[in-house]
Amino acid sequence: MQVEAHAAADEKARLRPWLVYAVLVAVTVAAYWSSFDGVFHWDDEDDLLRNPFIRDFATAWNAPSQGGLAGRPVASYTFALNYALGGYATFGWHLVNLAIHSSAVCLVFAILRRTFSSASFDASVRSRAVWLAAFVALLWAVHPLQTQSVTYFVQRVESLMGLFVLATLYAAIRAFDGPRSFAWSLACVGACWLAVGTKEVAVVAPFLVWIYDRTFAAGSFAEAWKRRRGLYLGLASSWILLACLVVASEGRSESVDVGVAGVWAYLRVQAFALATYVKLAVVPYPLIFDYGVRIQVAPWVWASAGAAIVAALVFTVVAVVRGRPIGFALAWFFLILAPTSSVLPIVTEFVAEHRMYLPLAGLLAIAVVFVGARVKLPSSLAAAFGVCVVIAFGALTFARNRDYHDPDGMWADVVAKCPTNDRAQNNFGNCLRAKGDLDGAFEHYAKACELAPDDANWRTNLGAIRLERGDVAGALVDLERAVAADPSHALARTLRAKAFGLSGEVDRATADFRAVLAAAPDYGPALKELALLLLANDRAREAVPYFQSALAIAPGDPDVLWGLAWICATAPEDDLRSPENALMLLQRLVAAQRGPRPRDLMLTAAALMELGRSKEALPTAELAVERIRSSGKAARVETLTRALELFRAGKLLRSDPELARALR
């Protein structure tokens, strides 16, 4: 009878984890259900939307050396898979991100269940191993701090690396104490290679396995090495792959630059960063999408945070040497953050919430097991409290995911929470500019320049918005400062040349454009603006090759299509004029704009007149006049009416150069 009771208990114990897996996945999906309406944000544009390499499996491994996927072929291939299956339809991208996170959640549970069942813990922990592991995994699954790694498409790099590091550790644990240890060892090494091929942070995976082995299996570092030397050599071999990937990606020079930040300055910020990460693990507010790169930390803040970190590191080393479980949890936190929060300045992001994807598990385990063990609560009360925390975190995650539905709203949120972030001010200005709110964009560009006066990018944007508002003199001041800050800034020099042209300094503008093109012959904005400048100054023959080069780079650019169509429809020179080509270009223009503007209609009428098709030309010109009249632009009404009268008289637009110039 007693044997049967034990058999029933064993059967229940075998079934329970699988039920927990189902609950874990269901809760994770529920918390992230709101993420499926999320759109592409910020780095997604360069690394995914404008990255042709992920559109073909043959090139996915060879991402641009200055992009976020450089040296990360495994992640690139998953993005290529998404593109192959559904293009840029976001549902599939979110589905893969959520599948990665759900799988990682299950691995966290599997690792902790085995860990809490080990002899390193007392009987009270071992007897509740399944439930403690499930609670930590649930908290980790729905914690709001994880949203950036799961909902932000490009940060799949972080969550996928996390999945493979967890798989490395799980396979190692199975290799330590179970049958088929050789097969599990191979799986462990394979997962480690995949992790390294996903993100460089996985360089610490062999150390994590070794510390785990010493703490929970072998009893000492020497014994761990003696028993499993082959496994550790296999794990260390992943560093060869990492070295090759780093060399191939040119050392990720876009992200890591000691000269820009300075080691000591970066360490001061990282003291603040680690303190922020711990605080957000406990109280996940405010979550900030981008902290910027000009973070000012008061001396007392970085000094106190640094002292606490040093003390925690000393405690961690002592605990690891003594084989204490809390030592592994803390080592998990510090080691995974070490590549980004130590002496290698990541100049693109000083503080980033997605870096806490894996380290958070160590802090949560400490909170649940080591802190919870000292706060004695009845089981029912502890369970109720745990459920409430999971529900609260899940609700916050569900709400945070909604911020990813709208780029404008996300940057507005960052500006509200971190108004001294000049990059956020600029990016919110970009959003407002795209919506046509030039005044709002100007305000935020000006704020960005106030916070970072010598940033060439922000100055260029401020100069550009001044040009759009007609303030040529003010634009020149800003663009001169931008070029002074970065003489190689192609857009700043292009816009400065455009401003020279609008100021009447045509020769100076032309020389500036050609200087830009000498350094970058295929730079589209300079090609286009130079062509438009030449056309505006009746130098159509010189403009044509620049228009053609610009069109090859940007086939749907409305200004380029219109300028080239104008020359083809109205040029006095027979060898430049081609009304048939003009009509073809205008058709492409109308398709690109989803409808013709009045001046497009009038130019179409001019091309039709050149072909002797006046019966089609006159109604087209009349429609142009009708549309411009309804817009209330009196000056343009007069010009288009004169052109209509010219056509009614059976004359061509090029027969009246003054009218043609006014219409252009």
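These numbers come from a predicted model, not from an experiment.
Within 6.0 Å of the OH atom in Y77, the count of heavy atoms belonging to other residues, nucleotides or ligands exceeds 12. Counting non-hydrogen atoms of neighbouring residues, nucleotides and ligands closer than 6.0 angstrom, the NZ atom of K279 exceeds 12 such neighbours. The neighbour count for F315 CZ, taken as heavy atoms of other residues, nucleotides or ligands under 6.0 Å away, does not exceed 12.
Taking each heavy atom of T397 and A31 in turn, the nearest pair found is CG2-O, 3.8 Å. When all heavy atoms of G71 and L245 are compared, the pair lying nearest together is O-CD1, 3.7 Å. In this structure, I336 and P339 approach most closely via the heavy-atom pair O-CD, 3.4 Å. Heavy atoms only, all atoms of each residue included: F328 and L208 are closest at CE1-O, 3.4 Å. For the residue pair G327 and V320, the shortest heavy atom distance occurs at O-CG2, 3.4 Å. Of all heavy-atom pairs spanning D47 and G68, the tightest one is OD1-N, 2.9 Å.
Side chain to side chain, E158 and Y152 fail the donor-acceptor criterion of an N or O pair below 3.5 Å. If you check the side chains of N97 and Y32, you find no donor sitting under 3.5 Å from an acceptor. N401 and T147 share no donor-acceptor pair across their side chains, judged by distance under 3.5 Å alone. With hydrogens and angles left out, the side-chain atoms of R156 and T78 include a donor and acceptor closer than 3.5 Å. Defined by atom type and a distance below 3.5 Å, a donor-acceptor pair is missing between the side-chain atoms of N426 and N457.
Without hydrogens or angle criteria, H354 side chain to Q148 main chain gives no donor-acceptor distance under 3.5 Å. The backbone N or O of L287 sits less than 3.5 Å from a side-chain atom of K417, completing a donor-acceptor pair. Not one N or O on the side chain of S159 forms a donor-acceptor pair closer than 3.5 Å with the backbone of V150. With hydrogens and angles ignored, the 3.5 Å screen pairs no side-chain donor or acceptor of E443 with any backbone N or O of L438. Side-chain N or O atoms of D44 include one that pairs as donor or acceptor with a backbone N or O of V154 at under 3.5 Å. Not one N or O on the side chain of Q425 forms a donor-acceptor pair closer than 3.5 Å with the backbone of K447.
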Run Y357 and Q146 through side-chain contact (heavy atoms from CB on, under 4.5 Å) and show every step you take. CA-CA 6 Å; Y357 185 73; Q146 304 289 58; 3.6 Å; yes
side-chain hydrogen bond (donor to acceptor under 3.5 Å, both in side chains) between Y212 and T115: does it pass, once the steps are laid out? CA-CA 9 Å; Y212 186 98; T115 302; 2.6 Å; yes
Test side-chain contact (heavy atoms from CB on, under 4.5 Å) applied to L358 and F333, step by step: CA-CA 8 Å; L358 276 180; F333 173 80; over 6 Å; no
Using side-chain contact (heavy atoms from CB on, under 4.5 Å), reason through M161 and V165 one step at a time and then give a plain yes or no. CA-CA 6 Å; M161 180 275 297; V165 168; 3.6 Å; yes
Between V483 and H489, is the side-chain contact (heavy atoms from CB on, under 4.5 Å) condition met? List the steps. CA-CA 6 Å; V483 173; H489 200 294; 5.9 Å; no
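Taking 4.5 Å as the limit, every side-chain heavy atom of P407 sits out of range of all side-chain heavy atoms of W42. Considering only heavy atoms from C-beta on, D46 stays 4.5 Å or farther from N51 through its side chain. Under the 4.5 Å side-chain criterion, counting only non-hydrogen atoms from C-beta, H405 is not in contact with V39. Between D413 and F289, the closest side-chain pair of non-hydrogen atoms is not below 4.5 Å. The shortest distance between side-chain heavy atoms of L145 and E353 falls below 4.5 Å. Using a 4.5 Å cut-off on side-chain heavy atoms (C-beta onward), Y285 and L280 make no contact. Counting heavy atoms from C-beta outward, E480 and R459 have side chains that stay 4.5 Å or more apart. Looking at heavy atoms from C-beta onward, D437 lies out of side-chain contact with R433 at the 4.5 angstrom threshold.
Under the rule for a side-chain hydrogen bond (donor to acceptor under 3.5 Å, both in side chains), the partners of R294 that lie at least two apart in sequence or sit in another chain are D422, D455. In this view, T420 satisfies the side-chain hydrogen bond (donor to acceptor under 3.5 Å, both in side chains) rule with no residue, not counting sequence neighbours.
If you take CZ on R469 and CD1 on I465, they are separated by 7.5 Å, rounding to the nearest 0.5 Å. The distance from atom CG of L462 to atom SG of C449, rounded to the nearest 0.5 Å, is 4.5 Å. Note that the CG atom of L491 and the CD atom of E529 stand 9.5 Å from one another [nearest 0.5 Å]. Atom NZ of K199 sits about 14.5 Å away from atom CZ of F164, to the nearest 0.5 Å. Atom NE2 of H444 sits about 11.5 Å away from atom CG of D439, to the nearest 0.5 Å. Atom CG in D403 sits 8.5 Å away from atom NE2 in H41 (nearest 0.5 Å).
The aromatic ring centroids of F79 and W93 lie less than 6.0 Å from each other. You'll find the ring centres of F36 and F91 inside the 6.0 Å limit. Side-chain rings of W140 and H101 approach one another, their centers coming within less than 6.0 Å.
By the 4.0 Å N-to-carboxylate-O rule, R481 lies too far from D478 to be salt-bridged with it.
Within the cation-pi definition used here (under 6.0 Å to the ring centroid, within 45° of the axis), R466 does not qualify as a partner of F442.
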